[in-house]
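Worksheet: one structure, shown below.
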Amino acid sequence: MQDREMRVRFAPSPTGPLHIGGARSALFNWLLAKHSGGKFILRVEDTDLERSSRESEEDIKESLCWLGLSWDEGIDVGGPHGPYRQTERLDIYREYTQKLLDSGQAYYCYCTDEELEDERQKLAAKGQMPRYMGHCRELTEEQKDEYEAQGRKATVRLRVPPNQDVLVDDLVRGKVVFDSNGIGDFVIVKSDGVPTYNYAVVIDDILMKVTHVVRGEEHLSNTPRQVLVYEAVGAPTPKFGHVSLILGKDRSKMSKRHGATSVEQYKKNGYLPSGLLNFLVLLGWSPSGEQEIFTLDELVKIFSLDHAAKNPAVFDVDKLNWINAQHIKKLNDEQMYELALPYLMEGGFLLEGKYERAWLVKVVATTRDHISCGAEIPQHVAVYFGDGCELENEEARAVLEEESADEVLRLFEDKVKKAEELTAESVQALLKSVVKDSGLPGKKVYMPIRVAISGQTHGPEMTLLVPLLGGEKILKRLAYAREKLKG
RNA sequence: GGCCCCAUGGUCAAGCGGCUAAGACGUCGCCCUCUCAAGGCGAAAUCAGGGGUUCGAUUCCCCUUGGGGCUACCA
């Protein structure tokens with residue numbers, strides 16, 4: 001007897017961009033599938049007609065693709081158990097609903113929102129769990145006709161057996177028992193004929209032969225309802241795994257006010273898919289060794305639910321920044337350039353059009369060890385652009401106003417003019433000779449030059465800065481700085 | 001309110017009855033250095049509280065407290 005292949009899915013509802021929590025669920029499922037050689041399915045749960053949109057669906061797919069989490073079956077790519085969009089599966093659900101109705105495991109309910117709300121209020125007042133008490137459980141044909149005549153639209157409810165323990169055997173939480181009395185007959189088909197989440201999700205998982213349902217902990221309390229549906233249709237339950245939630249800084253569920261919560265925002269800020277994924281996988285899961293920086297391939301090899309954490313994790317941007325920085329350090333020059341391009345354009349650095357690509361590549365490469373995301377590139381490369389620099393502050397001005405500065409700059413200028421080439425090595429030698437000729441301490445030499453050619457008292461190493469600026473630009477900047485000082 | 005989950009430094013976390021309670025981010029200090037970073041080294045910092053069980057509890061059980069989730073014709 002061979003184990004069935006592992007089949008997992010990510011089933012977002014397209015009501016907004018891909019949330020960071022959703023991305024982690026997708027990642028866990030994807031890793032599980034890849035690790036075991038199984039299948040990863042993408043299903044769209046769009047039964048909330050009001051809030052679902054194709055636009056969101058596109059956004060989610062785009063984010064998933066950007067992350068590199070491709071799906072083996074699902075929307076767009078198809079598969080043997082489609083369609084993979086729930087609103088296109090209405091006939092399928094109808095079939096199951098009819099069977100449930102025929103067998104008496106489900107029934108029509110004609111209660112109105114007001115009546116239901118009233119019932120909830122009363123139960124809550126008595127300190128009991130608000131739930132449906134079964135008003136329409138035993139309706140006669142006459143009563144149904146009467147309601148129909150009133151123009152009421154019926155929902156379909158599942159008949160939930162009383163006094164029953166509903167067991168959820170969870171891969172990360174162990175056995176969790178719920179009392180069926182606390183659940184009540186819940187709606188499986190809305191009055192417009194569209195199934196509810198707790199119903200559709202089960203039918204689909206059965207039909208799509210899903211073996212492992214891995215999702216956020218917010219679904220744990222809903223799982224007994226789903227188990228009840230499995231039992232009603234006579235299907236075995238898959239294995240469940242409820243992963244802890246991702247919380248905001250204040251320990252409440254991540255939401256807009258916690259800053260960027262969608263994958264596309266991180267993409268926009270120039271985070272790398274590998275960096276974001278690496279950060280996400282460490283939230284609620286830990287590797288056995290001490291390594292923390294992983295490629296996707298490495299994660300595929302070692303990931304399992306065994307080390308999934310039960311406690312919720314706070315999203316820490318500082319750690320994300322560090323992890324992403326580690327991934328950026330591994331980029332080559334071309335990859336760096338690719339990462340930088342949108343920000344160079346945005347920052348207007350390419351408008352001048354007079355910069356060679358090869359030069360730009362070198363400039364961008366200087367930022368590699370200093371940034372944690374692409375959006376930080378402009379502030380680091382600004383110093384390489386333009387023919388003159390404004391003095392950053394009084395401290396910078398003071399450096400140039402020092403007595404020895406003038407002499408240093410003259411020496412430097414002279415040597416730059418005479419230099420045949422400006423490379424890291426030659427600049428190093430050149431600067432050393434300025435130190436020697438002036439007899440000044442290094443700092444008294446480097447600083448005035450730095451400020452004169454960059455306007456700032458901080459920045460890239462001189463052996464990086466000078467060659468990249470080139471003789472022509474340096475001379476212009478020196479002239480500009482002198483001009484400024486006179487004024 | 002009811003039900004369910006969770007509880008190790010500021011944050012992510014290892015630990016699975018006996019440890020000086022790992023590691024990482026962040027913080028601080030030192031080194032490197034023309035500067036800012038990066039990098040290297042080092043430091044401070046944790047078992048929520050109370051009961052049990054046990055020769056021995058961070059670890060097992062109960063209670064309290066705290067946090068979170070669910071309680072929809074949302075997913």
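Chain A is the first sequence line, chain B the second, and so forth, proteins listed ahead of strands; every chain is numbered from 1.
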Identify whether any heavy atom of [X] sits under 4.0 Å from a base atom; if not, whether one sits that close to sugar-phosphate; answer base, sugar-phosphate or nothing.
X: A/E461; value: base
X: A/R251; value: sugar-phosphate
X: A/G284; value: sugar-phosphate
X: A/R51; value: base
X: A/H219; value: base
X: A/T155; value: base
X: A/S221; value: base
X: A/D113; value: base
X: A/K329; value: sugar-phosphate
X: A/R368; value: nothing
X: A/S288; value: nothing

Comparing nearest nucleotides in RNA chain B, the 5'-proximal residue of the pair A/S286, A/S191 is A/S286
By nearest-heavy-atom nucleotide on RNA chain B, the more 5' of A/P287 and A/K253 is A/P287
Atom [atom1] of [X] to atom [atom2] of [N]: distance rounded to whole Å?
X: A/Q428; N: B/U33; atom1: CD; atom2: C1'; result: 12 Å
X: A/E218; N: B/C4; atom1: CD; atom2: C1'; result: 14 Å
X: A/L331; N: B/A38; atom1: CG; atom2: C1'; result: 16 Å
X: A/K310; N: B/G15; atom1: NZ; atom2: P; result: 12 Å
X: A/N393; N: B/C36; atom1: CG; atom2: C1'; result: 13 Å
X: A/R450; N: B/C34; atom1: CZ; atom2: P; result: 10 Å

Using 30° and 60° as the class limits, which term best fits the ring planes of A/Y230 and A/F240: parallel, tilted or perpendicular? perpendicular
What's the closest nucleotide to the [X] side chain, out of [options]?
X: A/S252; options: B/G68, B/C12, B/C70; answer: B/G68
X: A/T47; options: B/U8, B/C34, B/A75; answer: B/A75
X: A/K443; options: B/G26, B/U35, B/A22; answer: B/U35
X: A/H458; options: B/A24, B/C25, B/C36; answer: B/C36
X: A/N222; options: B/C73, B/C70, B/A13; answer: B/C70
X: A/K319; options: B/C5, B/C12, B/A75; answer: B/C12
X: A/D316; options: B/C12, B/C34, B/U11; answer: B/U11
X: A/M447; options: B/A7, B/U35, B/A75; answer: B/U35
X: A/F178; options: B/A72, B/C3, B/C70; answer: B/C3
X: A/E217; options: B/C73, B/A13, B/C5; answer: B/C5

For [N], give its Watson-Crick or G-U wobble partner with both distances under 3.5 Å, or none.
N: B/C70; value: B/G2
N: B/U58; value: none
N: B/A45; value: none
N: B/U65; value: B/A7
N: B/U35; value: none

Sequence neighbours excluded, the answer for side chain to side chain donor-acceptor pair (under 3.5 Å) partners of A/Y110 is A/E148
Atom [atom1], compared across [N] and [M]: separation rounded to whole Å:
N: B/C6; M: B/A13; atom1: P; value: 14 Å
N: B/A44; M: B/A7; atom1: C1'; value: 24 Å
N: B/U58; M: B/A21; atom1: P; value: 11 Å

Within residues 371-380 of chain A, those residues having any heavy atom closer than 4.0 Å to RNA chain B are none
Is it true that, when you exclude [X] itself, more than 12 heavy atoms of the residues, nucleotides or ligands shown sit nearer than 6.0 Å to its [atom1]?
X: A/K329; atom1: NZ; result: yes
X: A/K190; atom1: NZ; result: yes
X: A/E394; atom1: CD; result: no
X: A/K444; atom1: NZ; result: no
X: A/K239; atom1: NZ; result: no

Residues 9-30 of chain A vs side-chain hydrogen bond (donor to acceptor under 3.5 Å, both in side chains), sequence neighbours excluded, gives A/R9-A/D205
Is the closest basic N to carboxylate O distance between A/D414 and A/R410 below 4.0 Å? no
